[in-house]
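Single-structure report; data block below.
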There are 2 protein chains.
Amino acid sequence: MPVPLPARTESPRARRRGELCVRLMAAAEELLDDGVTLADLGVDRLTQQAGVSRSSFYVYFEDRADLMRLWFSSVVDEIVEATRGWWAVGPAPDRGAVRDALGAIVTVYRLHARLMAATFDAATHDADLRRLTDVLISESVDGLRRHIIRGQKAGWVDPGLHPESCATHLTWMAERTFNQLLPGAPPRAVTQLTETYTYIVWGVLYRRVD
Amino acid sequence: MPVPLPARTESPRARRRGELCVRLMAAAEELLDDGVTLADLGVDRLTQQAGVSRSSFYVYFEDRADLMRLWFSSVVDEIVEATRGWWAVGPAPDRGAVRDALGAIVTVYRLHARLMAATFDAATHDADLRRLTDVLISESVDGLRRHIIRGQKAGWVDPGLHPESCATHLTWMAERTFNQLLPGAPPRAVTQLTETYTYIVWGVLYRRVD
DNA sequence: GTCCGCTCGGACACCTCGTCCGGACGTTCT
DNA sequence: AGAACGTCCGGACGAGGTGTCCGAGCGGAC
């Protein structure tokens, strides 16, 4: 008697979809590194680069945006997880701790910088993809907002700043600078970005007024 | 004997091109206000909204990006001009003066918010348009960078911050928050944006360390 | 050996883009 | 008045990419 629910860990269909997602996005990254524009990155060229037929692509994905949605979903948790270190910056915030926390976010983001930038670009034209990027942004804003409010109640963040608005500004700044500056950036530039990011966040949120 | 250079103020051809640009971009703004996506804003629908035939469109413009380039070029000077007030914030910077200067930038930007956001989106796919947006960004970064250096030499800006990197971060923050938050924002939200923008810039650049 | 699932290439209709052309209209010059 | 000119329009066209569909081939499982 065979297993009633044969290997319910994952549908072979879904597994194959996942495998192809990895392969195709890796191919996309190669092409983007070679200077191919996202607009010129059609399904044809993409599948060709990955060594998969175009018809097979449409077996597993609705369209190019569907592929990017799947990839993005798997990465967004990674990013969100990396931001948790920031919220842990507790009472009596230390500048070194803040830099380490922000540096960890930058490091994680950098791993996917080129594809993240491409995803945010593609989100302009695909409503579903746009919803996913919005989730990442709003979760970041929300986490930072609560962090700010906690700090204000505890007295180590200026009570005069507007938590929601300030969190929004800092989040958009991070998103934009990451996507604009990180793809293909040399280590030196990454360090500089982290430093300035820290400088601004520190100056806006934690610096003692005295 | 007729005029050798008949009314050399402006070619009638170029004038007509300018008129159509205004009409078409106004039509584009209407459609975007009605919730039409930039991706769905084809030449067909655009010209139909403006009451111009599609064939006439191609007489005066290479493609949709060409239209947007012409419009953007005419508006970028306006924006750059508005930022000059910021650089004028002189020795012994006053918080009220900073808010007024940044508020002026927000006010000007707001006039074109929806179309500016659309232009930055379209710049993703059109290299020439991208170059134009990059000019706006890099001019802003450059102006701010020089402003920072001037302040550092005069002693009213922290010499410890990196002028280029910091200017880049603040500029991208402004671009992103403007394009994301200003389109269709009620006056209350605009005020809040200006306040937070001022709060951050003040805290990062001018606040006395004491 | 036969069935089943997967992959592939190719063909197809569809859409948008950018080009091109002939006809219609109004103005200007003779 | 009539001719010449510029402008606009609708329509037709090919090119290129998208998403769908089908039949052929191939390997593993029964």
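In what follows, chains carry the letters A, B, and so on, assigned in the order in which the sequence lines appear, proteins first and then strands, with residues in each chain numbered from 1. The figures here come from the full heavy-atom set of this structure, side chains too, leaving out hydrogens, waters and symmetry mates.
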- Task: Look at all strands and tell whether B:Tyr60 reaches a base, only sugar-phosphate, or nothing, counting heavy atoms closer than 4.0 Å.
- Result: sugar-phosphate
- Taking salt bridge (charged side-chain N to carboxylate O under 4.0 Å, His left out) as the test, write out the residues that go with B:Arg16, two or more places apart. B:Glu19
- Between A:Asp40 and A:Arg45, is there a side-chain N and carboxylate O pair less than 4.0 Å apart? no
Only distances under 3.5 Å count here; give the side-chain donor-acceptor pairs of residues 71-79 of chain B to other protein atoms, sequence neighbours excluded, each with its distance to 0.1 Å.
unit_1: B:Ser73; atom_1: OG; unit_2: B:Arg69; atom_2: O; d: 2.9
unit_1: B:Ser74; atom_1: OG; unit_2: B:Trp71; atom_2: O; d: 2.7
unit_1: B:Glu78; atom_1: OE2; unit_2: B:His112; atom_2: NE2; d: 3.1

- Message: Between B:His169 and A:Leu193, is there a side-chain heavy-atom distance shorter than 4.5 Å?
- Response: yes
- Item | Rounded distance in Å - CZ (B:Arg16) to C1' (D:dG6) | 12 Å
- Message: Taking ring-ring contact (aromatic ring centres under 6.0 Å, His included) as the cut-off, I'd like each qualifying pair that reaches into residues 170-196 of chain A, sequence neighbours left out, listed once.
- Response: A:Tyr109-A:Phe178, A:Phe178-A:Tyr197
- Query: When you check the side-chain N and O atoms of A:Glu195 and A:Thr191, is any donor under 3.5 Å from an acceptor?
  - Reply: no
- Item | Rounded interatomic separation in angstrom, taking CG from A:Asp44 and P from D:dG19 | 12 Å
- Query: Among residues 21-43 of chain B, which contact DNA chain D at a heavy-atom distance under 4.0 Å?
  - Reply: none
- Query: With sugar-phosphate meaning primed atoms plus P, OP1 and OP2, does B:Arg54 contact a base, only sugar-phosphate, or nothing at under 4.0 Å between heavy atoms?
  - Reply: base
- Message: Distance under 4.0 Å to a non-hydrogen atom of chain B counts as contact; along DNA chain C, which nucleotides mark the start and end?
- Response: C:dC17 to C:dC20
- Indicate, with a heavy-atom threshold strictly under 4.0 Å, whether B:Val59 touches base, sugar-phosphate, or nothing. nothing
- Cut-off 3.5 Å, side chains only: do A:Thr196 and A:Gln192 have a donor facing an acceptor? yes
Please tabulate, one pair per line, all N/O donor-acceptor pairs under 3.5 Å involving side-chain atoms of residues 58-65 of chain B, not counting sequence neighbours.
unit_1: B:Asp63; atom_1: OD1; unit_2: B:Ala65; atom_2: N; d: 3.2
unit_1: B:Asp63; atom_1: OD1; unit_2: B:Asp66; atom_2: N; d: 2.9
unit_1: B:Arg64; atom_1: NH1; unit_2: B:Leu38; atom_2: O; d: 3.0
unit_1: B:Arg64; atom_1: NH1; unit_2: B:Leu41; atom_2: O; d: 3.0

- For A:Phe57 and D:dG19, what is the distance between atoms CZ and P respectively, to the nearest whole Å? 8 Å
